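Structure, as structure tokens:
The model shown is predicted, which means the values in this text are computed figures rather than measured ones.
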Amino acid sequence: MQKTKVAIIGSGNIGTDLMIKVMRLSNVLEMAAMIGIDPKSEGLARAQRLNVATSSDGIDGLLAMPEFKDIEIVFDATSAAVHEKHNDALQAHGKRVVDLTPAAIGPYVVPAVNGGDHLDAPNCNMVTCGGQATIPIVHAVNRVAKVHYAEIVASIASKSAGPGTRANIDEFTETTSMAIADVGGATRGKAVIILNPADPPLIMRDTVYCMCESTDKEQIAQSVEEMVAEIQGYVPGYRLKQPVQFEHFGSNNPLYIPEMAETGKTEFTGLKVSVFLEVEGAAHYLPSYAGNLDIMTSAALRTAERIAEHMDTRVNA
């Protein structure tokens, strides 16, 4: 099968890691171009060493490249602030876009939850690294018992957060919170990100709290464990730090959740499910502590491969 040619806009940590994944791991995608705005960036230099066409003139440089006409899918690994401009330019040429910024122009895609639902969408949004790690867990709980409120805390090593990630902190919390509800199924979601300055850097850690209807605890634990196993299929370093934890709140000791004020139900009774996760990176570009990078690029790779396979199926139908 002929591989689908792709380009990456953004030669920083995320874009460079994604490029290496495409070249090492994919039997479906082929790197055609790496685009940046800093001619001295390490990502562009690495792409050149790997014989990938490059441009340091941003989106305009990509559009002017002779390789552009054969490119079918473009990954945007820049920032939410510039993604709309990139998307408009690419859509005008009929290119499919996989968005690794929190711009959320297209539908949210989390491969383990709804990876096959938006294969015809012109733009797919990969939410955030914290969203990719935690939304599947919210979904796993919600498919057993309705989740009324879910809160996630993503802690990543400061050294693994490049300028694009730092510029997108507000968008991170807003986009992740929205996707917890839209994809995870919670009535309301909240997201917190922590850039941990510890040295040596700590591996990515994620905590998920779900306030759900009372039900069989073993069913919830099994659902979570099955979801973890599914994600490990494309992120091998994804794992539970300890067994799923439960706490029951009855009518005599309800839990007050101020974030639920808009629903008029701030007093929660039912099960509190706590899930503690660890994400170790594959160290394709940054060290293994950068699990936030690994889960984001792995999810984007899986999504683009599904889109490419779907496009090929339609062509040959």
Side-chain angles (χ1 to χ4, degrees), residues 3-19 21-23 26 28-41 43-48 52-109 118-128 162-168 170-172 174-175 179 296-297 299-308 310-312 314-315:
K3 291 187 176 182
T4 299
K5 292 187 177 182
V6 302
I8 298 172
I9 308 175
S11 57
N13 289 344
I14 293 177
T16 304
D17 186 77
L18 178 57
M19 174 182 68
K21 278 184 167 57
V22 170
M23 299 184 75
S26 184
V28 178
L29 308 178
E30 177 183 340
M31 274 300 303
M34 168 65 93
I35 309 301
I37 56 173
D38 179 4
K40 297 181 180 179
S41 75
L44 289 181
R46 184 172 292 238
Q48 290 166 0
V52 175
T54 65
S55 172
S56 59
D57 294 327
I59 185 66
D60 293 332
L62 173 61
L63 298 180
M65 296 176 74
E67 292 84 0
F68 181 68
K69 62 181 176 61
D70 295 322
I71 291 168
E72 297 187 71
I73 300 173
V74 179
F75 298 95
D76 191 342
T78 58
S79 70
V82 298
H83 176 67
E84 185 173 358
K85 174 187 174 183
H86 294 167
N87 184 66
D88 288 345
L90 294 167
Q91 297 301 330
H93 291 274
K95 306 300 183 182
R96 303 291 295 278
V97 179
V98 177
D99 176 19
L100 286 85
T101 82
I105 291 175
Y108 302 124
V109 175
H118 302 291
L119 298 179
D120 289 315
N123 181 308
C124 290
N125 179 258
M126 303 312 302
V127 196
T128 59
T165 299
R166 294 173 186 275
N168 290 332
D170 287 345
E171 291 87 353
F172 175 100
E174 293 168 5
T175 296
M296 193 65 170
T297 53
L301 179 68
R302 173 61 64 92
T303 298
E305 287 181 331
R306 283 180 170 175
I307 291 171
H310 180 64
M311 292 167 62
D312 186 63
R314 290 192 307 174
V315 168

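In terms of heavy atoms, N125 sits closest to A104 at ND2-N, 3.3 Å. The minimum heavy-atom distance between E305 and S26, with the atom names listed, is OE2-OG, 2.8 Å. Considering all non-hydrogen atoms of both residues, T54 and A47 come closest at CG2-CB, 3.6 Å. A pairwise comparison of heavy atoms in I37 and G58 identifies CG2-CA, 4.0 Å as the closest pair. Contact between N168 and A80 at its shortest, heavy atoms only, is OD1-N, 3.3 Å. M126 and A300 get closest at one heavy-atom pair: CE-N, 3.8 Å.
At distances below 3.5 Å, at least one donor-acceptor pair connects side-chain atoms of T175 with backbone N or O atoms of P102. In this structure, D38 contributes its side chain and S56 its backbone to no donor-acceptor pair below 3.5 Å. T16 places a side-chain N or O within 3.5 Å of a backbone atom of S11 that can act as its donor or acceptor partner.
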- Message: Could you walk me through whether N87 and D76 satisfy the side-chain contact (heavy atoms from CB on, under 4.5 Å) test, starting with their C-alpha distance in whole Å, then the side-chain angles of each, then the deciding distance to 0.1 Å, before giving a yes or no?
- Response: CA-CA 9 Å; N87 184 66; D76 191 342; over 6 Å; no
- Task: I would like to know whether K5 and E67 meet side-chain contact (heavy atoms from CB on, under 4.5 Å); could you show each step before the answer?
- Result: CA-CA 9 Å; K5 292 187 177 182; E67 292 84 0; over 6 Å; no
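Residues passing the side chain to side chain contact (heavy atoms under 4.5 Å, CB included) test with A121 are P107, H118, C124, sequence neighbours excluded. With sequence neighbours excluded, the residues forming a side chain to side chain contact (heavy atoms under 4.5 Å, CB included) with I59 are I9, L62, L63, K85, H86, A89, L90, listed by chain and number.
Put simply, CG on D17 and CE on M296 are 12.0 Å apart, with the number rounded to the nearest 0.5 Å. Distance check: D70 CG to M65 CE gives 11.5 Å after rounding to the nearest 0.5 Å. Atom NE2 of H93 and atom NZ of K69 lie 14.0 Å apart (nearest 0.5 Å). Rounding to the nearest 0.5 Å gives a distance of 6.5 Å between NZ of K95 and CD1 of I71. Put simply, CD1 on I8 and OG1 on T78 are 12.0 Å apart, with the number rounded to the nearest 0.5 Å.
Annotation: side chain of T4 is not in contact with side chain of D312 (no heavy-atom distance under 4.5 Å). Residues M31 and V6 form a side-chain contact, since some pair of their non-hydrogen atoms from C-beta on lies under 4.5 Å apart. Two residues are said to be in side-chain contact when any heavy atoms from C-beta on lie closer than 4.5 Å; I73 and I307 meet this criterion.
Between the side chains of H83 and N123, at least one donor-acceptor pair of N or O atoms lies under 3.5 Å.
Of the residues L18, V97, T303, T297, the one that meets the side chain to side chain contact (heavy atoms under 4.5 Å, CB included) test with F75 is L18.
Heavy-atom neighbours of E84 CD from other residues, nucleotides or ligands within 6.0 Å: at or below the threshold of 12.
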